[in-house]
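Note that the structure is predicted; figures quoted are calculated from it, not measured. Letters A, B, ... are given to chains in the order of the sequence lines, protein chains preceding strands, and every chain is numbered from 1.
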Amino acid sequence: MPAAAPPSERSVVTRIAPSPTGSMHIGTARVALFNWLYAKHFGGTFLLRIEDTDRERSTAGAVQVIFDGLQWLGLQPDAPAVFQYARADRHREVVEAMLRRGAAYRCYMTVEDLAAERERARADGRAIRSPWRDRDPAESENRPFVVRFKGHLEGETVVNDLVKGTVAFRNKELDDLVLIRSDGSPTYNLAVVVDDHDMGITHVIRGDDHLNNTARQTLIYQAMGFALPEFGHLPMIHGEDGAKLSKRHGAQAVSEFSDMGYLPEAMRNYLARLGWGHGDDELFTDAQAIEWFDVRDVVRAPARLDWAKLAHINNHYIRLADVPRLCDLVIDNLRRQDMELPADTKTRLLAAIPLVKDGAKTIVELGELCQFVLKQRPITLDEKCRSLLTEETRNLLTRLMDWLSKQDVWTPTALLESLREFAKAEGVGLGKFGAALRAVLSGGASAPDLASALCALGSDESLARLEDALSQVR
RNA sequence: GGGCCCUUCGUCUAUCGGUUAGGACAUCAGAUUUUCAAUCUGGGAAGAGGGGUUCGACUCCCCUAGGGCCUGCCA
C-alpha cells in the first residue's frame with residue numbers, strides 16, 4: 001500500500017483509463033493530453049490503465065489501438081500499463097473489507113425484484129435500494145448475489161471539482177451501486193477507486209460524464225478510509241452541430257486523423273486549444289503548453305470539433321515540418337491509396353515538397369500537390385491539355401525550350417525571372433503560354449506555380465516533358 | 001420522472017464588477033496572379049430570455065428556455 005500522505009503533498013500522478021472496446025476516441029485523446037500536460041507541468045507522472053473489466057467487450061486488438069494511438073500522439077505513459085482485470089483479486093479483497101465494516105452488503109434480489117425496485121424508486125423519485133440492506137443473508141437460500149455498496153440515507157456528498165467547482169449531491173439520490181457482480185467480477189465504480197488509490201493517483205482528470213459517478217466513488221473512498229484525490233471533469237467534445245460526437249460527424253477515432261494526414265503535433269495543439277486557452281495564444285509548442293497548462297483553466301462548456309481550424313493548425317505544422325519526414329509520410333499515404341510509385345519517388349518528392357508544402361492542409365493534400373512530379377514520361381496528354389497546344393503556343397514553347405536549355409540557375413526566383421524575360425522578348429504576356437506550359441509539365445495534375453514546377457522537376461525532366469509534348473502533338 | 005453539469009461573434013476562446021467586449025479559424029470585399037492554394041489589406045459578426053443585487057453586470061444571485069451527462073450485474 002502506498003504511503004497515506006494526502007494527494008496534495010505528493011508529487012502529481014495522473015492517468016487515463018480507457019476501456020479497450022473498439023477504436024480510440026478523439027475525446028480520449030484529449031483527456032490523455034490534458035492529463036499528460038498536467039503531470040508534465042508539475043514534473044509528475046502520467047500513467048495508463050486499461051479498464052478491461054468488461055470481459056464481453058474488451059479485446060486485445062483494442063488494447064493495441066490504445067497503445068498505438070498514444071504513441072502516435074506522442075503521449076507516452078511513464079510506466080507500463082496497468083490492466084484492471086488482472087487486479088480483480090485485490091478489488092474483491094477491498095470489498096471483503098467493506099463487508100466486514102458494514103459498508104457493503106450482499107444483495108440477493110432477482111432480476112425481477114430489481115426491475116420492480118427500479119420502477120418503484122423511479123416513481124418515488126429516489127435511488128435504488130435493496131431490501132437486503134437490512135435482511136439476514138441466511139434468508140437467501142444460497143441464491144446468487146451481488147455485493148452492493150451500503151449508501152447513506154441522509155446527508156450530502158460534496159465533490160470539489162477543479163473545473164466545475166463545488167458540486168453537492170444528496171446521499172439519498174445516490175443508489176446502492178453494485179460492487180461485485182453475481183459472477184464475482186468487480187465493477188467499474190469499485191475498480192476505479194481501488195486502482196486510483198493503489199496507483200497513487202493524485203489527480204483524476206476525466207470526462208464530465210463521470211461527474212455523477214464521482215459522488216458515488218467518493219463514498220467508497222470514505223468507506224475505505226482512502227485519501228481522496230483531486231478531481232477535474234472535462235467537458236466532452238461535440239460535433240459541429242453541437243450534438244455528441246458520433247460517426248455522423250466524420251472521424252472520431254485517433255487512427256482516422258492520422259490516416260487523413262494530420263500531424264500529431266497539430267493534434268496536440270488543436271486539442272489543447274479546444275476547451276482551454278492561454279490568452280490570445282493559438283499556436284504554441286509542447287513546452288509552452290506544459291508551462292502554461294492548468295486544469296483549473298479548462299472551460300466548463302462542451303466544445304465543438306472545428307475541422308477548418310484543425311486544418312489551419314495542421315498547415316502551420318506542415319510548414320514547420322522538415323522535408324524528409326513529410327516525404328516519408330506522403331509515401332506512406334500514397335502507398336495506402338495503392339498508388340503505383342516510380343522507383344525514384346523519394347528523390348522526386350524531396351524536390352517537390354519544399355515548393356508545395358505551404359499550401360497543404362493535410363498530408364493527403366500534400367500528396368495530391370506532388371502528383372505532377374510523380375508522373376512518368378512520356379506523359380499522355382488528355383484532350384484538355386492538347387487543346388491548349390495551338391500552333392501559336394507550340395511555337396512559343398519550342399522557343400521557350402531553347403531558352404530554358406540555356407538556363408543554368410534552376411531556382412524558383414531565377415526561373416520566374418527567366419520566364420518573364422522570355423515573355424518580354426516574345427512581346428507577349430505570361431498568360432499567352434502559361435496554361436499550356438503548365439499542362440505539358442504536369443499532364444493535367446495539380447501543380448504549383450510554373451517556376452516552382454520547373455524547379456521541382458529539374459531541367460532535364462522539364463525539357464524532356466516539353467520535348468515529349470511537342471512531338472506528340474505535331 | 002429524478003439528480004447533476006453547461007450557455008460570449010458561425011466555431012474555438014479572452015474578460016476574473018467599470019473594455020469602443022479582444023484574438024484565432026471561418027466568412028465577405030479588395031490587392032496580387034500562369035491554375036489551385038498561399039500571401040497582403042480591409043469589413044461584418046457575440047454576452048439565450050426574464051428578474052434581481054450594485055453607483056455600475058458578460059462577470060454575483062434567482063427563474064425560464066435550450067443542450068449534455070448520470071439514473072446498468074457498461075465503462
Both distances under 3.5 Å, Watson-Crick or G-U wobble: report the partner of [N], or none.
N: B/U39; value: B/A31
N: B/A46; value: none
N: B/G1; value: B/U71
N: B/U53; value: none
N: B/C58; value: none
N: B/G66; value: B/C6

Nearest listed nucleotide, side chain of [X], among [options]:
X: A/R170; options: B/C6, B/G3, B/A38; answer: B/G3
X: A/D280; options: B/C70, B/U34, B/G23; answer: B/G23
X: A/L430; options: B/C4, B/U34, B/C74; answer: B/U34
X: A/L114; options: B/C25, B/U39, B/C73; answer: B/C73
X: A/K164; options: B/C5, B/C73, B/U34; answer: B/C5
X: A/D306; options: B/G23, B/C4, B/C25; answer: B/C25
X: A/D449; options: B/C73, B/U34, B/C25; answer: B/U34
X: A/L450; options: B/U11, B/G68, B/U34; answer: B/U34
X: A/N189; options: B/G72, B/A14, B/A75; answer: B/A75
X: A/R216; options: B/C4, B/U71, B/C25; answer: B/U71

Would you indicate what [X] reaches in the nucleic acid, counting non-hydrogen atoms under 4.0 angstrom: base, sugar-phosphate, or nothing?
X: A/H210; result: base
X: A/L174; result: nothing
X: A/V178; result: sugar-phosphate
X: A/S182; result: base
X: A/R319; result: sugar-phosphate
X: A/P448; result: base
X: A/R273; result: base
X: A/G275; result: sugar-phosphate
X: A/N213; result: base
X: A/T21; result: nothing
X: A/A168; result: sugar-phosphate
X: A/L211; result: sugar-phosphate

Could you give the NE2-to-P distance, from A/H312 to B/U13, as a whole number of Å? 17 Å
Do [X] side-chain and [N] base share a donor-acceptor contact under 3.5 Å?
X: A/R122; N: B/G1; answer: yes
X: A/R304; N: B/U11; answer: no
X: A/E282; N: B/G23; answer: yes

Donor-acceptor side-chain pairing of A/S185 and A/D183 below 3.5 angstrom: yes
With a 3.5 Å cut-off and no angle check, do the side chains of A/S459 and A/S462 form a donor-acceptor pair? no
Hey, mind stepping through A/D175 and A/R216 against salt bridge (charged side-chain N to carboxylate O under 4.0 Å, His left out) and telling me if it holds? CA-CA 8 Å; A/D175 60 351; A/R216 295 175 239 273; 2.9 Å; yes
Side chain to side chain donor-acceptor pair (under 3.5 Å) partner of A/H91, chosen from A/D195, A/T187, A/T53: A/D195
What closest approach, in Å, do A/I379 and A/V440 show between heavy atoms, and which atom pair accounts for it? CD1-O, 4.4 Å
Does A/Q288 reach the side chain of A/T285, with side-chain heavy atoms less than 4.5 Å apart? yes
Between B/G42 and B/C58, how far apart are the two C1' atoms, rounded to whole Å? 28 Å
